[in-house]
Amino acid sequence: MERTLVLLKPDCVQRRLMGRVIARIEEKGLNVVAMKMLRISADLAKRHYAEHVAKPFYPALESFITASPVVAMVVEGLEAVRVVRDMLGATNGRNAAPGTIRGDFSSSRQLNLVHASDGADAAAREIELYFAPSELHDCPLTIGPWLTVVGE
Ligand code: CMP
């Protein structure tokens, strides 16, 4: 089992797409094991996007991500990091394949609706930025064996 950090960005919340994105995650057979709504501060934005802080697009990214509340979630499942990234599609909504979340709902590179960790190390770091260990829940589902087979 893997855990990944998913952020429903300000454009996702403002466009009232939260429910549709969460539904797609759940329909895929992934578990939401933590969730909160928050306003990202400039300081948190810099820590979250540390690898982008020096890039020319960072000031615009920071003002976008701090402009309005987001929903942070920890999503759990087999290969959850890759599976969720695949569900999002390419960073730029205009390049994202139809059927992906960005491909279906975004036409922008910056306003791309959802963030998800890009690897296991990033997931561990990002989950710690948004959640205390006590906010992560073990919620095994009795339907679990009908959704996937561990080890397949
Ligand atoms: P995300 O997956 O959250 O990771 C970094 C974010 O920066 C990305 O989604 C986009 O919202 C944004 N981003 C990435 N590249 C660019 C770019 N070249 N110009 C503007 N924004 C970008």
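All values below come from the heavy atoms of this structure, side chains included, with hydrogens, waters and symmetry mates left out. On a predicted model such as this, the values are computed, not experimentally measured, just so you know. Residues: numbered from 1 along the sequence shown. Whatever order the structure lists ligands and atoms in, that order sets their numbers, starting from 1.
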Suppose we screen for side-chain contact (heavy atoms from CB on, under 4.5 Å). Which residues come up paired with Arg125, at least two apart in sequence or across chains?
Leu129

Quick test of your reading: applying side-chain hydrogen bond (donor to acceptor under 3.5 Å, both in side chains), list the pairs with at least one residue in residues 84-95, sequence neighbours left out, ordered by first then second residue.
Arg82-Asp86

Work out which heavy atom in Thr100 is nearest to a heavy atom in Gly103; give both atom names and the distance.
OG1-N, 3.0 Å

Begin from the C-alpha positions of Val114 and Val6 and carry the test side-chain contact (heavy atoms from CB on, under 4.5 Å) through to its verdict.
CA-CA 7 Å; Val114 186; Val6 176; 3.6 Å; yes

Close residues (non-hydrogen atom under 4.0 angstrom from ligand 1) work out to Lys9, Tyr49, His52, Phe57, Leu61, Thr91, Arg102, Arg109, Gln110, Asn112, His115

Is it true that Arg3 and Asp138 make a salt bridge, defined as a side-chain N closer than 4.0 Å to a carboxylate O?
yes

Side chains of residues 35-42: which donor-acceptor partners sit under 3.5 Å, not counting sequence neighbours?
residue	atom	partner	partner atom	Å
Lys36	NZ	Tyr130	O	2.7
Lys36	NZ	Glu135	OE1	3.1
Lys36	NZ	Glu135	OE2	3.2
Arg39	NE	Thr66	O	2.8
Arg39	NH2	Thr66	O	3.3
Arg39	NH2	Ala67	O	3.0
Ser41	OG	Leu44	N	3.0

